[in-house]
Colleague: 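Got a structure for you, written out below as structure tokens; questions coming shortly.
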Amino acid sequence: MFACVFNLYKMSDHNTSALLDTLRQVLGTPHVLTDGDLSSYEQDWRKRARGKALAVVRPANTEEVVAIVKACANAKVSIVPQGGNTGLVVGSIPNESGTQVVLSMQRMHRVRNVDADNLTITVEAGCTLQSVQDAAEKAGYLFPLSLGSEGSCTIGGNLGTNAGGTQVVRYGNARELCLGLEVVTASGEVMHGLSGLRKDNTGYDLRHLMIGSEGTLGIITAATMKLFPQPAATLTAWAAVPTVTDAVKLLGLAHQHLGASLTGFEMMNQYSLGLVNKHFPQMRIPLWNETPYCVLLENSDTESQEHARARFEHLLEVALENSCVTDAVVAENLSQARNFWHIRESITMAQAQEGLNIKHDISLSVSSIAAFVEKTDVQLAQEIPGVRLVNFGHLGDGNLHYNVQVPEGHDNAAFIKDYEERVNHLVYDAVKSFGGSISAEHGIGSLKVDTLPDYKDPTALALMRQVKQALDPLGILNPGRVVR
Ligand code: FAD
Ligand code: MLT
Ligand code: ZN
């Protein structure tokens, strides 16, 4: 399959240099990178794959993106849109052919507008998530999307993947936070949609088609995102829970007692926290070696700290009485709360430092998550003696990162080669049997593109292929990702 894609876009040296000349004229030579160390653009974050780009282009504005797309379409050269390159499914790097152009959005990082009355912020796609959070805060508002990668990932990438993160239980994922998009299409037209309207039923909602399309249907150049009032009080607790069933019970109590004030509900198994302890020994992790699971929960309120704290502590008392929590610590101040979140967000890095691993970003209904874990833990232990399960994630959203770390003493790369497909099928078959999804928030990329057909409704997949064909008939936008 790859071979025929390569042939389709195989260019003569003459055509290649003509395209590069055009790109240099449009962008200026310093922004068309062809030499030197391009590894930060060509290697994925997890080090699962390394590609080779024909060039990395760095446009400064939407007009330049239009010119790049037109030049590439004309030369039938494919484009890989890239933001912060923090994606976890190998979707933002070029393939190995040396024929693809990486379109890096990093230079498009202007905040175009903050509309306080409309509670919206309009930003260019290359703004890092953190810079959008900062701009919102400076204006006195909250932009709630929050991921461990927020210092590097971009709004374009967040929308491209429909990112989730740690505040979804209250504010929704990137899709729910987006009111408008500016997109450059595969033929180099601009779809102007930065209206910021909260109601607009004028036909098909193309914004939602673009969100989560992982750069395969259009290039997002700017977005209008929702803002929220900043909470007056935030409370954070770290709780020890004996089982996943108990964590689910605690979640139920949290919904009941905190209502819409529940803003975060994360679960971590002991092994995942053990990895943080091993690789970042300076972090002091509460309760982790006394309990199979820990839960991090957050309450954000508009009412006073005093009122909110009484309600939050009451919830924990009820949970202790019910025995779904065996011990808990409430952060005394902002710095302690930040430490709790820092521990949680360090799991991904600790796992990476431990070595190559197999990730499963799955979602299930909250009601079936405990049964899934119970069944699949046993199956994996039988299949792979000594398997190390890094199980953590956004339990409040029914989203687990149910990951497999290579057993102690095995060669990482050899294990992945021999076991990945088998392990994936075991986990995904179990997910399917419980009615879940094989990608909750990370997307499909190229890592799951050949697995998707086994688990996606065939009619939905056929419609997705028709959409791709209609919007990108030449197949130049991020080919080989999401659907082949
Ligand atoms: P990239 O990795 O550059 O690209 C991702 C995809 O989007 C690619 O398919 C790319 O082609 C496409 N794309 C990028 N920019 C555009 C654009 N302007 N227009 C169209 N398509 C585009 N993800 C979560 O959902 N939740 C988490 O909690 C989370 N935590 C993470 C923690 C760490 C430490 C790391 C490393 C990653 C984490 N991620 C998480 C994954 C990742 O950060 C997100 O998927 C993020 O949204 C990717 O943004 P990016 O700018 O890095 O995109
Ligand atoms: C997270 O929740 O920390 C991220 O999605 C990253 C990961 O899955 O490792
Ligand atoms: Zn996550």
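Because the structure is predicted, anything quoted here is derived from the model rather than measured. Counting starts at 1 for both ligands and their atoms, following the listed order.
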Colleague: Drop me the distance from K226's NZ to E176's CD, to the nearest 0.5 angstrom.
Modeller: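 The distance works out to 7.5 Å.
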
Colleague: Are there over 12 heavy-atom neighbours, none belonging to H208, within less than 6.0 Å of that residue's NE2?
Modeller: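 Correct, the count exceeds 12.
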
Colleague: Determine whether a donor-acceptor pair (N or O, by modelled atom type, separation under 3.5 Å) exists between the side chain of R388 and the backbone of V406.
Modeller: yes

Colleague: Identify the two heavy atoms, one from V26 and one from E64, that lie closest to each other, and give their separation to 0.1 Å.
Modeller: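 Looks like O-OE2, 3.9 Å.
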
Colleague: Between N277 (side chain only) and I285 (backbone N and O only), is there a donor and an acceptor less than 3.5 Å apart?
Modeller: no

Colleague: Closer than 3.5 angstrom, by distance alone: can the side chain of E420 be matched with the main-chain N or O of I358 as a donor-acceptor pair?
Modeller: no

Colleague: Within less than 2.8 Å of the Zn ion (ligand 3), how many protein N/O/S atoms are there?
Modeller: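 Every protein N, O or S atom under 2.8 Å from the Zn ion (ligand 3) counted, the figure is 3.
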
Colleague: Heavy-atom cut-off of under 4.0 Å around ligand 1: list whichever protein residues fall inside it, by chain and number.
Modeller: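 The 4.0 Å shell around ligand 1 contains W45, P81, Q82, G83, G84, N85, T86, G87, L88, G91, S92, M105, A125, L147, G148, S149, C153, T154, G156, G157, N158, T161, A163, G164, G165, E214, G215, G218, I219, I220, T348, H394, E441, H442, N478.
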
Colleague: Can you name the nearest heavy-atom pair linking V366 to L395, along with the distance?
Modeller: CG2-O, 3.8 Å

Colleague: With sequence neighbours left out, what residues match Q466 under side chain to side chain contact (heavy atoms under 4.5 Å, CB included)?
Modeller: L463

Colleague: Tell me whether E96 is salt-bridged to K52, with the criterion being a basic N under 4.0 Å from an acidic carboxylate O.
Modeller: no

Colleague: Looking at E266 and R344, is there a salt bridge between them, counting it only when a charged N and a carboxylate O are closer than 4.0 Å?
Modeller: yes

Colleague: May I have a table of the N/O to N/O pairs between ligand 2 and the protein that fall below 3.5 Å, each row giving the two atom names and the distance to 0.1 Å?
Modeller:
from     : atom 1 : to   : atom 2 : distance (Å)
ligand 2 : 2 (O)  : R344 : NH2    : 2.7
ligand 2 : 2 (O)  : H394 : NE2    : 3.0
ligand 2 : 2 (O)  : H401 : NE2    : 3.1
ligand 2 : 3 (O)  : R344 : NH1    : 3.1
ligand 2 : 3 (O)  : R344 : NH2    : 3.4
ligand 2 : 3 (O)  : T348 : OG1    : 3.3
ligand 2 : 5 (O)  : H401 : NE2    : 3.0
ligand 2 : 5 (O)  : E441 : OE2    : 3.0
ligand 2 : 5 (O)  : H442 : NE2    : 2.7
ligand 2 : 8 (O)  : H401 : ND1    : 3.4
ligand 2 : 9 (O)  : T348 : OG1    : 2.8
ligand 2 : 9 (O)  : K359 : NZ     : 2.5

Colleague: Do NZ/NE/NH1/NH2 and the carboxylate oxygens of R112 and E182 come within less than 4.0 Å?
Modeller: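 Here R112 pairs with E182 in a salt bridge, since their nearest N and O are under 4.0 Å apart.
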
Colleague: CG/N74 to OG1/T22 distance, rounded to the nearest 0.5 angstrom?
Modeller: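 Rounded to the nearest 0.5 Å, the CG-OG1 separation comes to 8.0 Å.
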
Colleague: Around atom CE of M349, are there more than 12 heavy atoms from other residues, nucleotides or ligands closer than 6.0 Å?
Modeller: no

